[in-house]
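Notes follow the structure.
In what follows, every chain begins at residue 1, and chains take the letters A, B, ... in the order their sequences are listed. Since we're looking at a predicted model, the values are computed, not measured.
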Amino acid sequence: MTESVVNSEDPHGPGGDDATRRDFIHIAAGAAAVGAGAMIAWPLINQMNPAADTLALASIEFDLSKVAEGQQVVITWQGKPVFVRYRTAKEVQEAAATPLGDLKDPQSDADRVKAGHQQYLVVVGSCTHLGCIPTFGAGDYGGWFCPCHGSHYDTSGRIRKGPAPTNLVVPTYEYVSDTRVKIG
Amino acid sequence: MSEHESTYVPKTGFEKWLDTRLPIIRFGADYMALPTPRNLNYWYTFGAILMLCLGTQIVTGIVLAMHYTPNTDMAFASVERIMRDVNGGWLIRYVHANGASMFFIATYIHMLRGLYYGSYKAPREMIWIIGCVIFFLLIATAFLGYVLPWGQMSYWGAEVITNLIGAIPFVGEPILIWLRGGPAIDNATLNRFFSLHYLLPFAILGCVVLHIWALHTSGQNNPVGILIPKEQTAKDTVPFHPYYTVKDGFAIILFLMMFAAFVFFMPNSLGHADNYIPANPLQTPPHIVPEWYLLPFYAILRAIPDKFGGVLAMFGAIAVLFVLPWLDTSKVRSMRYRPTMKVFFLIFVFVAFVLGWCGGQLPDAPVFGNMPSFVLFDGELNSFLWLTRLATAYYFAFFLIIMPVVGLRETPLPVPASISQPVLTGGGAMAAAVPASPEKKG
C-alpha cells in the first residue's frame with residue numbers, strides 16, 4: 001500500500017475495506033487449517049482407544065458353586081482379576097454392622113451385593129490406589145490387604161485404612177440363575 | 001562466543017566446491033574451533049559422556065529390536081532368546097540395560113553440576129529448560145523400555161505408573177483406558193510402549209541438538225561463573241579442539257571402565273530378580289520398587305497420604321526444575337562464591353540420596369531398629385514414611401524457599417572480573433581450584 005485515503009465516514013477505519021477482508025480471509029483460512037488439523041489428528045489419537053476385539057471380551061459367566069464358604073476364587077475379566085468371595089455368616093454380619101461413619105468411602109454392604117445373595121461378594125481385585133492385587137484374608141479388617149502401599153479393606157471390600165481413595169470396585173453383574181453370575 | 005569468526009579455509013577444490021553449496025565442513029570446523037572457557041573441570045565432561053550414552057542406547061536398541069517380539073505371549077521368551085541364542089545377544093542386552101543406569105548416573109551428575117555452578121541463570125535459561133525436557137523424556141523412555149521384557153516388575157511397574165494417570169480427577173479414567181488401549185495392561189499396551197520406546201530416543205536426540213545450539217548461542221558457563229568479557233576472550237578461552245576433545249575423551253575412558261565393570265561383572269546388580277519371572281496379571285510381587293534412578297521420585301509419591309496429591313508432588317518435583325532460573329534470586333552464578341548456598345546445596349545432594357534410600361524401603365518399616373517412637377498423625381515417627389516426608393519437605397523447600405531467600409540475604413564472596421585474573425593475581429584459596437596453567441593442564 002503506497003497511499004491510503006482515510007475517510008472519517010469509513011466504518012473500517014484506516015486501511016479501508018481491504019484490511020477487513022484480508023483479516024477475514026486470514027481468520028477463515030486459519031480456522032479451516034485448525035479444523036483440518038483436528039480432523040487429521042483425531043483418528044491418530046482415537047486408534048489408541050480399546051479395539052473392537054478388546055471390547056468384545058466385555059462379559060463372562062461364572063459358576064458360583066465352585067467357591068467354598070470362607071474362600072474366594074480369582075477370575076480374569078477384561079484382563080483384570082475379579083474376586084468372587086463366599087463370605088461366612090460372621091463376615092457378612094461384620095460388614096453389615098459397620099457404621100457408615102467409620103468409612104472413608106461410605107457405602108453400605110447391602111449396596112455392594114445383590115439382595116438374597118449377601119454371602120457372595122464380587123469385586124474387581126485391583127487396589128484402588130495404584131492397581132496392585134490385595135491379599136485375601138489379610139489386614140486389620142479381615143478383608144484384604146494391599147502389599148504395595150498398605151491399604152486395608154474390610155469383608156465388604158471397603159477401604160478402611162491406607163492410601164487407597166475408594167472401595168474395591170463392584171463390577172456390573174447379574175444372576176442368570178441361582179448359581180451363575182454374568183459379569184460385565 | 002557464538003559470534004566468533006569462522007577460521008575455516010577450504011583447501012582442496014572439492015572443499016571449495018562444497019563450501020559454497022553445503023558448508024558442512026565449515027560447520028564442523030567452527031564447532032571444533034569454538035572458544036571454550038579455559039577453566040572447565042572434570043564435572044564439565046558429562047555432556048560428552050551423555051552424548052556417548054545416548055549413542056550407545058540408540059545403537060544397541062536398534063540391534064535389540066531386530067530380535068525382540070512385542071507380544072505378551074512372546075516378549076519374555078524373545079528376550080531370553082536374545083540372552084541365550086542370539087550371537088552376542090547377552091552382551092548387547094546387558095549393555096543396553098546397564099546403559100540406562102549409566103545414562104542416569106551421568107544425567108544426575110550433569111544436572112547437579114549445572115545447579116552448583118549456576119548454569120541455569122541468564123542468559124542460559126533455555127539450555128536448562130531444554131535439559132529438563134530431555135530429563136523428562138529420558139524418564140519416560142526408561143520406563144517404557146523397562147516394560148518390554150514383560151517380567152513381573154515390568155508388568156506391575158507399568159500397572160502402578162499408568163494408574164498414576166488414573167488419579168487425575170474426572171478425565172483420569174478415560175485417559176487411562178486410552179493410554180492402555182483396554183481396561184487393563186495387555187498386548188495393546190505392550191505394542192504401543194515398544195513403538196514409543198523406539199521413538200522417544202530420537203525426540204531426545206532432537207532436543208540434544210537444541211540443547212547444544214542454545215549452549216553455543218549463549219556460551220558455555222564455567223566454574224567461576226562469570227560471563228567472559230569480550231576483550232578477555234583471547235586470554236580466557238581455548239579452542240574446543242584439542243583441549244576439551246582430549247579432556248572429554250579421557251573422562252569417557254574412565255566412565256567406560258565403570259560401565260564395563262557393571263556389564264561384565266555385575267550385570268544384574270542394578271535390576272530386580274523378580275523381572276526374570278514372566279508377567280502374571282493375577283499375582284503382585286510382594287515388594288514393587290522402580291529402578292534405582294526413579295526411587296527419589298517414587299519416595300515423594302508415597303510421602304503424600306492422598307493419591308492425587310502424591311501424583312502432583314511427584315510431577316511437581318520435576319516441574320519445579322523448569323522454573324529454577326526464576327526461583328534463584330542471586331546474581332552470582334557459581335556457588336564457589338556463595339558459601340551459604342553451598343551448604344544448602346550439599347544438604348540437597350544428601351537429601352536426594354536419602355529420598356532414593358527411602359524409595360526402596362517399605363513405608364512402615366522403622367529407620368532406626370527398635371528405637372521407641374510414637375504415632376504422629378498417620379504413622380510411626382520412626383518409620384520411612386516420616387523420613388521420606390522430611391526429605392520431601394527439604395526437596396521442595398530448597399527450590400521454593402531457600403533459593404529465593406538465600407539469594408537475597410547472603411553476602412557472596414568477591415567474584416573475579418575474568419577467568420585468568422584469580423590465577424595471575426594469586427587469589428588464594430579461590431585460585432587453588434583453578435589450574436595454574438590451564439593451557440597445559442586443562
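The backbone N or O of A:Thr166 sits nowhere less than 3.5 Å from a side-chain atom of B:Lys307 that would complete a donor-acceptor pair.
For B:Pro305, the part sitting under 4.5 Å from any heavy atom of chain A is the backbone (N, CA, C, O) and nothing else. Contacts of B:Leu164 with chain A are made by both backbone and side-chain atoms, with heavy-atom separations under 4.5 Å. Neither the backbone nor the side chain of B:Leu176 comes within less than 4.5 Å of any heavy atom of chain A. Of the two parts of A:Thr128, only the backbone, made up of N, CA, C and O, holds a non-hydrogen atom closer than 4.5 Å to a non-hydrogen atom of chain B.
Heavy-atom neighbours of A:Lys90 NZ from other residues, nucleotides or ligands within 6.0 Å: at or below the threshold of 12. Within a 6.0 Å radius of CZ in B:Phe143, other residues, nucleotides and ligands contribute more than 12 heavy atoms. No more than 12 heavy-atom neighbours from other residues, nucleotides or ligands sit within 6.0 angstrom of CZ on B:Phe170. Summarising the local packing, CZ of B:Phe353 is surrounded by 12 or fewer heavy atoms from other residues, nucleotides or ligands at distances under 6.0 Å. Counting non-hydrogen atoms of other residues, nucleotides and ligands closer than 6.0 Å to NZ of A:Lys182 gives a total of 12 or fewer.
Of the residues considered (A:Pro163, A:Pro165, A:Gly79, A:Gly131), A:Gly131 shows the highest number of contacts with chain B, using heavy-atom pairs under 4.5 Å. Between chain A and the residues B:Ile304, B:Leu362, B:Leu282, B:Asp186, the most heavy-atom pairs under 4.5 angstrom are made by B:Leu282. Counting heavy-atom pairs closer than 4.5 Å to chain A, the top residue among B:Pro285, B:Gly181, B:Gly310, B:Pro286 is B:Gly181.
Two residues are said to be in side-chain contact when any heavy atoms from C-beta on lie closer than 4.5 Å; B:Pro183 and A:Thr54 meet this criterion. Residues A:Leu130 and B:Ile288 fail the side-chain proximity criterion, which asks for heavy atoms closer than 4.5 Å.
Taking CE from A:Met48 and CD1 from B:Ile175, the interatomic distance works out to 11.0 Å, rounded to the nearest 0.5 Å. Here CD1 of B:Ile185 is found 11.5 Å from NZ of A:Lys80. Values are rounded to the nearest 0.5 Å. Residue A:Gln47 holds its CD atom at 6.5 Å from CZ of B:Arg192, rounded to the nearest 0.5 Å. Between the CD1 atom in A:Ile133 and the CG atom in B:Asn280 there is a gap of 7.5 Å [rounded to 0.5 Å].
Summarising the geometry of A:Ile45 relative to B:Trp178, their closest heavy-atom pair is O-NE1, 2.7 Å, with the distance given to 0.1 Å.
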